[in-house]
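Below: one structure, written as structure tokens.
To find a chain, count down the sequence lines: A is the first, B the second, and so on, and within it residues start at 1. Note that these values count all heavy atoms, side chains included, but never hydrogens, waters or copies made by symmetry.
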Amino acid sequence: MDKIKTEHLYFYYGRKQALWDINIAIPERHITALIGPSGCGKSTFLRCLNRMNDTIPRTRAEGKVLLDGQDIYSPDTNVVELRRRVGMVFQRPNPFPASVFDNVAFGPRVLGLYSRAELADVVEESLRSAGLWDEVKDNLGQDALSLSLGQQQRLCIARVVAVKPEVILMDEPCSALDPIATLKIEDLMRALSTEYTIVIVTHNMQQAARASDFTAFMLSDAERTGQLIEFGPTADVFTRPRDKRTEDYITGRFG
Amino acid sequence: MRQTPRVRWGEFAIESLIRVIGFSTVGFVIIIFLFLLREGLPAFAQIDLDNLFGTRWYPTFDLFGTLPLILGSALITITAIVIALPLGVATAVFIREVAPNWAREILKPMIEVLAGIPSVVLGFFGMTLVAPIVRETFGAPTGLVAFTGALILAYMSLPTIISVAEDALDAVPKLYRDAGLAMGATQWQTIWRVVVPAARSGILTAVMLGMGRAIGETMAVMMVTGNAARMPLGLDALFRPVRTMTATIAAEMGEVAHGSVHYHALFAIGIILFVITFLINLAAASTMFRKRRRGGLR
Ligand SMILES: Nc1ncnc2c1ncn2[C@@H]1O[C@H](COP(=O)(O)OP(=O)(O)O)[C@@H](O)[C@H]1O
Ligand SMILES: [Mg+2]
């Protein structure tokens, strides 16, 4: 089953073209990794999937992005609603300067959940599924910024999970973390992928090979930024790439 | 690399000059404070404390109760802040978060102009325009009452509150906004639940600086508050005349005999005012310098 499909997706920052004719079908409840050299449009593509690019002035998307068959760029899309269904974890852990509890409760509160007991349930459940519960359960009132970076990133994942999205987008979620914290996040992604569709940008090829089910390789050339070169099951992309450029990239010949 | 002695000498001179100027600024503050103490402290010896902190200020009868003046200042300052805070924060939010660029470009300099309006002009404006409106709207016998003063003071502290609050909002990292939006919060939810709480300590600073500005204001307040030194107690206190500390000093200093008890009493008011302002500024500074901005979410 495809959760997200793009059809002839082009993207522009003002005059600067950043995605070129992307056609991809992202399978439901699996982990899809986006790899490619820096500046090839991975983040841009990811941010098209929940329309976070809308927050940057003078940007424009062309083509279609279908979520469960519905074009999210059609004029009658409710962007707020869309972002509840498609959550996002950022490159730098960005918990709010508030308690652990308030961080996780943020989304449910925005959705109108105010009962203390129900909130406590949601917070516990979300922290558990982010693998953070045991580390913070004794002090949910502590300042989120006092956690380690790895914990902060898992808190951000818990915060997203608390809104019960369908898709979770992650933009290089481990780039600020040490190897152990990184492995924890990868385990967590694996566990979450039974329930959520996960799309992760990474510049770490081992990570993509280890932690994803499908891999998309993106590249820019002299004229066109952000082309999708190859997409397939991770094992295939890494062991028998169809495109010469993919092979060159994963064997470290450029990028 | 060696320079000619002459250049180094020039630099030395400039450096010393700047240092002297810098220290002399601090020196002047100290001199002013010492002067204030010298002229004001005798009052604390010459007047019974019961009298000095009593409820009646009638210098002709040797009654120097500063309480009505202190409360008068407090009443209009606090009322002014209660009015100005929501307006100021809302304006800052509008300028920083909502307004399109061109509107921001127009609004910011306009607010700076607002800060530059002489207080006499505002007092005049308050007397001739605001006071009659207050009188008619609230059915008070006169429009020259505490509330009119508070309105004028609110207006005067707005520029401070707006610009400091705006800086505080500006300092909130885009990461927080993105996080809010990406969780499916609307733009308003993001502003009120993420950005404003994250800027909380800065907004607190804005309030204190606004208060410091308001409590020291003299001319406009003197023109519009009626200047009756009565205890501003009771529910209608806002709609009766009051007298502030500043207005008392300004009005009476000119006619008082140098060295008299009354003279020292006016300086004592100055000391009290100085201490209050100092404490407010200290509180503002301590929130400003607190290491990390602790925020919170609603
Ligand atoms: N806000 C922006 N404004 C203009 N150009 C941008 C902006 N963000 C990214 N770009 C450009 O778009 C291209 C793709 O960037 P990005 O999606 O960040 O790549 P990646 O995440 O793969 O490193 C780059 O050429 C980059 O310079
Ligand atoms: Mg990127």
Side-chain angles (χ1 to χ4, degrees), chain A residues 46-47 49-58 78-112 114 141-146 152 155-156 158-165 167-171, chain B residues 89 92-106 165 167-206 286-298:
Chain A
L46 200 70
R47 293 163 61 90
L49 303 184
N50 66 346
R51 290 187 55 178
M52 273 306 276
N53 284 326
D54 291 16
T55 63
I56 303 171
R58 287 179 291 282
N78 178 342
V79 179
V80 167
E81 181 66 35
L82 166 71
R83 292 184 188 145
R84 285 175 190 159
R85 296 175 63 195
V86 184
M88 182 162 221
V89 175
F90 295 79
Q91 185 164 357
R92 276 205 69 77
N94 60 348
F96 300 122
S99 71
V100 169
F101 185 95
D102 286 344
N103 263 280
V104 184
F106 177 84
R109 280 179 178 148
V110 161
L111 290 172
Y114 283 104
Q142 69 182 302
D143 187 349
L145 301 179
S146 68
Q152 287 186 21
L155 179 64
C156 292
R159 186 172 65 179
V160 168
V161 167
V163 228
K164 306 204 163 37
V167 180
I168 301 179
L169 310 175
M170 302 186 179
D171 192 350
Chain B
V89 172
V93 163
F94 177 74
I95 292 179
R96 186 47 56 196
E97 308 285 328
V98 187
N101 273 333
W102 61 264
R104 185 175 310 154
E105 299 300 313
I106 297 174
D167 288 347
L169 294 175
D170 193 36
V172 174
K174 181 172 180 332
L175 278 174
Y176 293 166
R177 288 164 226 261
D178 283 354
L181 292 175
M183 308 257 311
T186 62
Q187 191 192 2
W188 281 112
Q189 286 170 328
T190 305
I191 291 172
W192 289 121
R193 290 166 183 261
V194 178
V195 180
V196 171
R200 207 163 57 173
S201 69
I203 290 174
L204 208 64
T205 308
S286 77
T287 55
M288 227 174 342
F289 289 128
R290 199 174 296 162
K291 264 250 149 49
R292 200 175 53 219
R293 303 207 150 163
R294 299 185 120 261
L297 300 178
R298 265 181 293 141

Q. Any idea which heavy atoms bring Phe90(A) and Ala182(B) closest together, and the distance?
A. CZ-CB, 3.8 Å

Q) Going by residue number, which parts of residues 93-101 of chain B are within reach of chain A, meaning a heavy-atom gap below 4.5 Å? A) none

Q: Could you grab the distance from atom NZ of Lys174(B) to atom CD1 of Ile56(A), nearest 0.5 Å is fine?
A: 6.0 Å

(Q) If you count heavy-atom pairs within less than 4.5 Å of chain A, which of Gly184(B), Gly180(B), Ala185(B) leads? (A) Gly184(B)

Q. For Tyr176(B) and Phe96(A), which heavy atoms make the closest approach, and how far apart are they?
A. O-CE2, 3.5 Å

(Q) Distance check, rounded to the nearest 0.5 Å: Arg51(A) atom CZ versus Leu181(B) atom CG? (A) 12.5 Å

Q. Who are the side chain to side chain donor-acceptor pair (under 3.5 Å) partners of Thr55(A), not counting sequence neighbours?
A. none

Q) What part of Tyr114(A) is in contact with chain B, defined as an atom under 4.5 angstrom from a non-hydrogen atom: side chain, backbone, both or neither? A) side chain

Q | Asn94(A) versus Leu175(B), closest heavy-atom pair with distance | A | ND2-O, 3.0 Å

(Q) Quick check for you: to the nearest 0.5 Å, what is the distance between Asp178(B) atom CG and Met52(A) atom CE? (A) 4.0 Å

**Q.** Straight-line distance of Met183(B) CE to Arg84(A) CZ, nearest 0.5 Å
**A.** 10.0 Å

Q) Under a 4.5 Å heavy-atom cut-off, does chain B meet the side chain of Val86(A), its backbone, both or neither? A) backbone

Q | Heavy-atom proximity to chain B below 4.5 Å, by part of Val163(A) | A | side chain

Q | chain B contact via Pro165(A) - which portion, at a heavy-atom distance below 4.5 Å | A | neither

